[in-house]
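Data block below; observations after.
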Amino acid sequence: MKRFTFIMIIVSWGCNTLVEQSTPLEGDFYIQDGWLAFTSKKYEEADKHFDTAIETNDERSIYHLLSSIGKGWTYMYNAKTKSDSVLVAENMVVLSGNYFDAALSILPELDDNLIKTNDLMNLYSGLTLQRAYSAKQKAANGIHWETTNSGLSDKVETLYRQSITYSFYLEPTFVFQYDTSLDYEDIILIRIENYILIGEIKSAVFYYKDYGFECNDNEVNEDTIIECLCEVINDGNCPFDYD
C-alpha cells in the first residue's frame, strides 16, 4: 500500500509539472529574452518578446511598464538600421517615443517598491535620446523641404527642451547596461548640444564647465563652446575647421 501511495505521488507531481510548463511564463522571462535579443541587435525578435510580455500580463502592470521601455529602446535602435529609408526611420523614432510615453503614464500607478532604479534610468535616458533624435530628424526634414513653417520650428524646440528636462533625471552613475557605450557623460553631452541648438549658449557653457570638460587648453566661453563640444564628442579631433 505504501508503495502504491509513493507511485501516485510521483505521478501526481509529474502531471502538475506538465501543467505548470504548459502555462505562459511570467513577464520577467519574456522581458529578459527581449533584452537578450536587443543586445544581439535582433530588434524584430526583441520586439516580439516584449509584445508577449504585454499580451500575457495584466494591463498597466509592471510588466507593461518594463516592456514599453524595452520597445521604446528597440524601435529607437532599429531606426538606426533604416538609413536607406528616411520615412521608415522617422516612423520608428515616433513609435519609440509613443512607447516611452506609455511607460511614463503607467509609472505613477505602480507601487514604488516594484520599480528598480535601473528601470527608471532606462526610461529617462530613453526619453532623453528619443526626444533629441526626433528633433534632429524633424529639423533635418525641415531644411530638406526648405520650409519656413513656424509650427515645425516650435515642435523641434519643444522636443529639445523635453530632452533637456529628462536628462536631469539621470544619476551620475548611469550606464545603459544593454549598450555600455552609453553612459552619463553622453547624456550630459546631449544636454549641452540641445542647449546650443535652441540658442541658450550660456547654459551650454555652464554645463560644459560644470561637468569638467576641457577644451585643448582653450578657454571655454560662448565663442568657443561649439568647437569645444565638437572636440569632446570626437575625442579631441574635431573634423570641422572653426577658424
Side-chain angles (χ1 to χ4, degrees), residues 30-31 33-54 64-106 118-145 147 149 152-167 169-170 174-194 197-198 233-234:
Y30 297 117
I31 292 168
D33 284 345
W35 283 119
L36 283 172
F38 177 91
T39 56
S40 298
K41 300 182 180 180
K42 298 177 180 178
Y43 301 121
E44 285 79 9
E45 182 181 329
D47 189 48
K48 290 178 181 177
H49 287 304
F50 292 130
D51 273 340
T52 302
I54 290 174
H64 278 225
L65 172 79
L66 299 178
S67 296
S68 294
I69 294 171
K71 285 175 71 68
W73 278 102
T74 297
Y75 274 96
M76 185 161 53
Y77 268 50
N78 200 7
K80 298 177 183 180
T81 70
K82 309 298 180 183
S83 57
D84 58 328
S85 176
V86 174
L87 182 60
V88 171
E90 187 169 358
N91 286 339
M92 283 190 165
V93 173
V94 170
L95 285 170
S96 170
N98 291 343
Y99 284 112
F100 284 133
D101 287 342
L104 200 62
S105 73
I106 297 171
N118 277 349
D119 299 329
L120 290 175
M121 296 301 100
N122 290 343
L123 173 57
Y124 293 128
S125 59
L127 284 161
T128 300
L129 267 69
Q130 189 275 333
R131 293 305 197 259
Y133 195 3
S134 182
K136 287 180 180 178
Q137 283 184 324
K138 293 182 184 302
N141 287 342
I143 294 170
H144 180 69
W145 298 329
T147 181
N149 187 324
L152 177 63
S153 297
D154 291 343
K155 178 63 175 177
V156 168
E157 181 172 340
T158 297
L159 288 168
Y160 280 130
R161 290 190 180 279
Q162 288 177 351
S163 177
I164 290 168
T165 298
Y166 290 124
S167 74
Y169 286 89
L170 275 293
F174 168 73
V175 176
F176 185 45
Q177 67 266 45
Y178 304 111
D179 177 5
T180 54
S181 66
L182 175 64
D183 59 19
Y184 185 70
E185 183 173 298
D186 296 303
I187 299 297
I188 297 298
L189 289 171
I190 290 169
R191 182 193 300 169
I192 294 167
E193 183 182 40
N194 289 342
L197 290 169
I198 63 174
I233 291 174
N234 293 281

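In this chain, numbering begins with 1 at the start of the sequence shown. Hydrogens, waters and symmetry mates play no part in the numbers below; they use all other heavy atoms, side chains included.
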Hey, what do you get for OG1 (Thr74) to CG (Leu95), rounding to the nearest 0.5 Å? 12.0 Å
As an exercise, state the distance from CG of Leu129 to CD1 of Ile190, rounded to the nearest 0.5 Å. 4.0 Å
All side chain to side chain contact (heavy atoms under 4.5 Å, CB included) counterparts of Ala103, not counting sequence neighbours: Leu65, Ser68, Ile69, Leu123
Phe38 vs Trp73 aromatic rings, parallel, tilted or perpendicular, using cut-offs 30° and 60°? perpendicular
Can you list everything that forms a side chain to side chain contact (heavy atoms under 4.5 Å, CB included) with Lys80? Sequence neighbours excluded, please. Tyr77, Tyr133
Scan for salt bridge (Lys or Arg N to Asp or Glu O under 4.0 Å) pairs involving residues 118-129, sequence neighbours excluded, and state none if there are none. none
In Å, rounded to the nearest 0.5 Å, how long is the span from CG of Asp186 to OG of Ser181? 7.0 Å
List the steps and the verdict of side chain to side chain contact (heavy atoms under 4.5 Å, CB included) for Glu44 and Asn78. CA-CA 8 Å; Glu44 285 79 9; Asn78 200 7; 3.5 Å; yes
Enter the distance from Glu45:CD to Phe50:CZ here, rounded to the nearest 0.5 Å. 10.5 Å
Atom pair CD1 (Ile188) and OG1 (Thr128), whose distance is rounded to the nearest 0.5 Å: 9.5 Å
Lys136 to Leu197 - nearest heavy-atom pair and separation: CE-CD1, 4.5 Å
The salt bridge (charged side-chain N to carboxylate O under 4.0 Å, His left out) partners of Arg191 (sequence neighbours excluded) come to none
Minimum heavy-atom distance between Trp35 and Gly70, given as atom pair plus value: CZ2-CA, 3.6 Å
Smallest heavy-atom separation, Lys138 atom then Lys155 atom, equals CD-CG, 4.0 Å
Of all heavy-atom pairs between Lys71 and Asp51, which one has the smallest distance, and what is that distance? NZ-OD1, 2.9 Å
Reported OH-to-CG distance for the pair Tyr166 and Leu104, which is rounded to 0.5 angstrom: 5.0 Å
So, do Asp47 and Tyr75 sit near enough that their side-chain heavy atoms are less than 4.5 Å apart? yes
Looking at side-chain heavy atoms only, is the closest gap between Ile164 and Arg131 below 4.5 Å? no
Atom OH of Tyr169: over 12 foreign heavy atoms under 6.0 Å: no
Any residue meeting side chain to side chain contact (heavy atoms under 4.5 Å, CB included) with Ala135, in chain and number order, not counting sequence neighbours: Val156, Leu159, Tyr160
Between Gln177 and Asn122, is any pair of side-chain heavy atoms under 4.5 Å apart? yes
Give the minimum heavy-atom separation between Ser167 and Ile187, together with the two atoms involved. CB-CG2, 3.7 Å
Shortest non-hydrogen contact from Gln130 toward Ser96: CG-OG, 3.5 Å
Parallel, tilted or perpendicular, as decided by the 30° and 60° cut-offs, for the rings of Phe176 and Tyr178: perpendicular
Please list, chain by chain and in numerical order, all residues satisfying side chain to side chain contact (heavy atoms under 4.5 Å, CB included) with Lys41, sequence neighbours excluded. Tyr43
What I want to find out is whether Asp33 reaches Lys48 closely enough, with some N-O distance under 4.0 Å, to be called a salt bridge. no
